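These numbers were taken from a predicted model, which means no experiment stands behind them. Letters A, B, ... mirror the listed sequences (proteins, then strands); counts begin at 1.
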Protein chains: 2
Amino acid sequence: MAQTDTVTRILDTAEVLFAERGFAETSLRTITSKARVNLAAVNYHFGSKKALIQAVFARYLDPFTVRFHHALDELEARHDDGVIPLEELLETMARTVLEVPAEKHSLKVFMKLLGLAYSQAQGHLRRYIQEEYGSVFTRFVELVRRATPELPDAERFWRLHFVLGTVIFTLSGLDALRDIAEKDYQEHVSVRDLIRRLRPVVVAALNAPLPPPALPRAKAS
Amino acid sequence: MAQTDTVTRILDTAEVLFAERGFAETSLRTITSKARVNLAAVNYHFGSKKALIQAVFARYLDPFTVRFHHALDELEARHDDGVIPLEELLETMARTVLEVPAEKHSLKVFMKLLGLAYSQAQGHLRRYIQEEYGSVFTRFVELVRRATPELPDAERFWRLHFVLGTVIFTLSGLDALRDIAEKDYQEHVSVRDLIRRLRPVVVAALNAPLPPPALPRAKAS
DNA sequence: TTCCGCTGGAAACAGTTGTTTTAAACATAA
DNA sequence: TTATGTTTAAAACAACTGTTTCCAGCGGAA
């Protein structure tokens, strides 16, 4: 069982280093030396650095999508009118996100990786995630649509991305923010605390009054 | 005046490339060849790649802080009780952010750079921005504090970062999101449209009801 | 004119990158 | 035993990185 050891040791080391420094700033030599495996092992087991990056994500996202689909199945079964209250949807998503990394890995690392996936160039990664895991997101959006029928489609689209930004930004920059917060307010902040604070804000954001209609752009003066 | 030409040509090219690919993924050779200047010009005029990166930010942030301080001065002068309504504060900030890049450069690039500054490792950049421009942010936070006296300090701290995440995330990923939105909703979205949509959401987020008090963490079962 | 500081061009520097190849060791299973 | 798939070791590969050096040209000042 030495083979599994090598693969998981590479993944464990790589995800931490990627989360700390980003993808381009982390060399294979740094990973393999810290993981105490041979340099060639990465290309042997994964094929390339790109594939390694995708594998790191897959290890989180595969169990997440499975669990999230299951959770949504149960939720839909409990509401036979097909309409699930917004709070329950958000609650379910939060619970699933919390559960998955808790099994073996750090939630902090997971969120930081998600943040990187959005901000780093790495076109192949965005494409990979979209193609591989886009369907869960689509399903979730459709359920949110039924839960907020009064919201115009375009408005809901944007607001979902607004709150997505809030969550990813906050949780992926958690370490730096936590340092500031603890220094200024002498208060320890766990991820669960943060989610507790996040919930009313997200609900309020989605239920905010509609913006005034767009005015035709006036000639600049 | 050939010297200024070279410097600004480097900056103009660098900011676009940085925004598109990130810092580590953009080599000096790519910049200098696209800008049609000599490779050595970067180290000659700026000293190093790090300094180039900081110079790119300074070109945006220097005029921004000046204008923002002025705008806040005027705002404080108009409210002699020292309390400025939250909506006015947000409105002023949005206007200033919109004005600065409009002079010469693209707002999209500016926001993407801000997003990179947060997510990319680049410790030197965060330190530089914090030391160089932290005071404007501190002033703004203090004004927000007076505008929302009912909010506990820690709660306001976190909510400000929540909305900061929303804005940076949305505006820095604008291109990708716009593509999806236009395909699905046949609606063109300008940055000003987005800010119009953003306003009620941000206000609602800051004014959301307080979360329930934290429960002591139960032993996992 | 001569001189000097600034700018630009081309080349070279030294180091790192991802990847591949060679080889030898190792375990497990047919 | 003979295979088979893993793992390590060491080295080399070609490409690319940021940085530095050397030298030619330039403008304006003496």
Side-chain angles (χ1 to χ4, degrees), chain A residues 1-59 113 116-117 120-125 127-128, chain B residues 1-59 113 116-117 120-125 127-128:
Chain A
M1 171 119 343
Q3 93 220 31
T4 306
D5 235 17
T6 299
V7 170
T8 58
R9 212 155 65 233
I10 291 176
L11 287 174
D12 288 343
T13 312
E15 70 176 25
V16 173
L17 290 176
F18 284 155
E20 283 176 356
R21 327 180 181 187
F23 304 116
E25 295 87 347
T26 307
S27 71
L28 292 184
R29 282 170 178 81
T30 310
I31 297 173
T32 52
S33 71
K34 191 154 195 168
R36 295 196 319 278
V37 302
N38 193 271
L39 169 60
V42 170
N43 284 282
Y44 176 78
H45 287 287
F46 298 96
S48 67
K49 187 181 180 180
K50 282 185 183 180
L52 206 212
I53 295 175
Q54 297 178 358
V56 167
F57 276 86
R59 199 160 61 140
L113 288 175
L116 283 180
Q120 303 248 124
Q122 300 288 350
H124 72 97
L125 226 198
R127 245 174 290 127
Y128 170 77
Chain B
M1 135 134 6
Q3 91 217 33
T4 305
D5 236 16
T6 300
V7 170
T8 59
R9 212 155 65 231
I10 291 176
L11 287 173
D12 288 343
T13 313
E15 70 175 25
V16 173
L17 290 176
F18 284 153
E20 283 176 356
R21 327 181 181 187
F23 304 117
E25 293 87 346
T26 306
S27 72
L28 293 184
R29 282 171 177 79
T30 311
I31 297 173
T32 52
S33 72
K34 192 154 194 169
R36 296 197 317 281
V37 302
N38 192 269
L39 169 61
V42 170
N43 285 283
Y44 176 77
H45 287 287
F46 298 95
S48 69
K49 187 182 181 181
K50 284 185 182 179
L52 205 212
I53 296 176
Q54 297 179 358
V56 166
F57 275 85
R59 200 162 60 141
L113 289 175
L116 283 180
Q120 302 249 123
Q122 300 290 348
H124 72 95
L125 225 198
R127 245 172 291 127
Y128 170 77

May I ask you to say what [X] touches in the nucleic acid, namely base, sugar-phosphate or nothing, with a heavy-atom cut-off under 4.0 Å?
X     : result
A:V42 : nothing
B:A41 : nothing
A:T26 : sugar-phosphate
B:T30 : nothing

Exercise for the section: Using the six-membered ring wherever Trp is involved, compare the ring planes of A:F23 and A:F18 and label them parallel, tilted or perpendicular (cut-offs 30° and 60°). Expected result: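 Geometry flag for A:F18 against A:F23: perpendicular rings.
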Quick one: is [N] close enough that its OP1 or OP2 comes under 4.0 Å of any side-chain N or O from [X]?
X     : N     : value
B:H45 : C:dC6 : no
A:Y44 : D:dT6 : yes
B:T6  : C:dT7 : no

Problem - Nearest heavy-atom neighbours spanning B:N38 and B:A40 - result: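 Distance-wise, the nearest heavy atoms are OD1-N, 2.9 Å.
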Practice task
Please name the pair of heavy atoms, one in A:A24 and one in B:E25, separated by the smallest distance, quoted to 0.1 Å.
Solution key: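 A:A24 and B:E25 have their closest heavy atoms at CB-OE2, 3.5 Å.
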Interatomic distance where [atom1] belongs to [X] and [atom2] belongs to [N] [whole Å]:
X     : N      : atom1 : atom2 : value
B:K49 : D:dC16 : NZ    : P     : 15 Å
B:N38 : C:dT7  : CG    : C1'   : 10 Å
B:F46 : C:dT7  : CZ    : P     : 12 Å
B:N43 : C:dG8  : CG    : P     : 14 Å
A:R36 : D:dA9  : CZ    : P     : 11 Å
A:L28 : D:dT17 : CG    : C1'   : 16 Å
A:I31 : C:dT17 : CD1   : C1'   : 12 Å
A:L39 : D:dA12 : CG    : C1'   : 12 Å

Problem - Distance in Å, A:L11 CG paired with A:L52 CG, rounded so as to fall on 0.5 Å steps - result: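 Interatomic distance, A:L11 CG to A:L52 CG, rounded to 0.5 Å: 6.5 Å.
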Handout entry: Reference residue B:E15; test side chain to side chain contact (heavy atoms under 4.5 Å, CB included); the match among B:I31, B:I10, B:V56
Key =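 Between B:E15 and the candidates, side chain to side chain contact (heavy atoms under 4.5 Å, CB included) is satisfied uniquely by B:V56.
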Practice task
Could you please name the option among C:dC6, C:dA10, D:dT17 that lies closest to any side-chain atom of B:S27?
Solution key: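 Per side-chain heavy atoms of B:S27, the pick is D:dT17.
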Exercise for the section: Side chain of A:R29 only, please: which of D:dT19, D:dA12, C:dA10 is the nearest? Expected result: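 Between D:dT19, D:dA12, C:dA10, the one nearest the side chain of A:R29 would be D:dA12.
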